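Computed from a predicted model, the values in this text were never measured in an experiment.
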Amino acid sequence: MQLDSTHIAKASIKIAITSSREDEQRVIRELEKEGIKSAAVDIGGNLIQSIPKVIERALVASRRSGVIKECHVHDGAVVGAAREAIMQVASKANGMNVGGKIGITRHKEHLSVCIFMSMGLLHLNDVVVGLCHRSIPDIY
């Protein structure tokens, strides 16, 4: 089966919505069997103030897990996709504390970053999702 950008985006959503480390590792193993490399990063705090840290954590996780190679083009793709996904949720989460996860997936030239977050004020919680795709050179 040919994996396209839609499959890779769905995979990053699967990773981002996992609720435990065990579930996350299970999904990562399942995706690996399909040839999809993946990584996950927990995030939390004031979203707007922590944007640089969130982007940095996405990049470090991508490198450590082998989703990308340590090269300028791959780094730029992860940073750009993470930033775009954050911008999709930023207006809704502006000034609020958030908690959630970033899911990063890649297969060949398709890279996807999904941010799944819960944000709240006391007991009033809401959920936001940001998703972005980038095309990168297929070098491993």
- Message: Please find the pair of heavy atoms, one from H7 and one from D4, that lie closest to each other, and give the distance.
- Response: ND1-OD1, 2.7 Å
- Please step through side chain to side chain contact (heavy atoms under 4.5 Å, CB included) for the pair E56 and K53, ending with a clear verdict. CA-CA 5 Å; E56 179 184 322; K53 194 68 169 171; 3.9 Å; yes
- Task: Measure the spacing between CE of M117 and CG of L47 and express it to the nearest 0.5 Å.
- Result: 4.5 Å
- Indicate yes or no: does R21 engage E24 in a salt bridge with an N to O separation below 4.0 Å. yes
- Query: For the residue pair R106 and I68, what are the closest heavy atoms and their distance?
  - Reply: NH1-CA, 4.0 Å
- Task: Would you give the length of the straight line joining atom NE2 of H74 to atom NZ of K69, rounded to the nearest 0.5 angstrom?
- Result: 9.0 Å
- Note on the structure: Here the gap from D138 atom CG to E109 atom CD, rounded to the nearest 0.5 Å, amounts to 6.0 Å
- Would you say T105's side chain and I8's backbone share a donor-acceptor pair under 3.5 angstrom? yes
- Hey, does the side chain of K101 reach the backbone of A40 with a donor-acceptor pair shorter than 3.5 angstrom? no
- Message: Tell me whether L31 shares a hydrophobic cluster with F116, the cluster being built from Ile, Leu, Val, Met, Phe, Trp, Tyr side chains joined at under 4.5 Å.
- Response: no
- Got a second to check how far H107's NE2 is from K37's NZ, nearest 0.5 Å? 11.0 Å
- Task: Mind checking the OG-NZ spacing from S135 to K108? Nearest 0.5 Å is all I need.
- Result: 13.5 Å
- Check: H72/D75 side-chain N/O donor and acceptor closer than 3.5 Å: no
- Message: Hydrophobic clustering (ILVMFWY, side-chain heavy atoms < 4.5 Å, transitive) - are I51 and V113 grouped together?
- Response: yes
Extract all donor-acceptor atom pairs below 3.5 Å that involve side chains of residues 76-90 and protein atoms in other chains or at least two apart in sequence.
| residue | atom | partner | partner atom | Å |
| --- | --- | --- | --- | --- |
| E84 | OE2 | Q88 | NE2 | 3.4 |
| Q88 | OE1 | L131 | N | 2.8 |
| Q88 | NE2 | L131 | O | 2.8 |

- Item | Residues in salt bridge (Lys or Arg N to Asp or Glu O under 4.0 Å) contact with K10, at least two apart in sequence or another chain | none
- K14 atom NZ, neighbour heavy-atom count above 12 within 6.0 Å: no
- Message: Hydrophobic clustering (ILVMFWY, side-chain heavy atoms < 4.5 Å, transitive) - are V129 and I17 grouped together?
- Response: yes
- Check: H133 main-chain N/O paired with H110 side-chain donor or acceptor under 3.5 Å: no
- Output yes when a side-chain donor or acceptor of S20 lies under 3.5 Å from a complementary backbone atom of D23, and no otherwise. yes
- State plainly whether the residues E30 and R26 are in salt-bridge range, i.e. N to O under 4.0 Å. yes
- In short, S12 meets G103 closest at the heavy-atom pair CB-O, 3.5 Å
- Message: Do I48 and V41 sit in one hydrophobic cluster, given that two such residues count as connected whenever their side-chain heavy atoms are within less than 4.5 Å of each other, even indirectly?
- Response: yes
- Message: Checking V98 against V128 for the side chain to side chain contact (heavy atoms under 4.5 Å, CB included) test, could you report, in this order, the C-alpha distance in whole Å, the side-chain angles of both residues, the deciding distance, and whether it holds?
- Response: CA-CA 10 Å; V98 299; V128 292; 5.9 Å; no
- Query: Do M119 and V127 belong together in a cluster built from hydrophobic side chains that touch within less than 4.5 Å?
  - Reply: no
- Report yes if the side chains of V27 and S38 come closer than 4.5 Å at any heavy-atom pair, otherwise no. no
- Would you name the heavy atoms of I102 and A58 that are closest together and state the gap between them? CD1-CB, 4.2 Å
- Query: What distance do T18 atom OG1 and I13 atom CD1 have between them, rounded to the nearest 0.5 Å?
  - Reply: 12.5 Å
- Nearest atoms (heavy-atom pairs only) where A9 meets S112: CA-OG, 3.3 Å
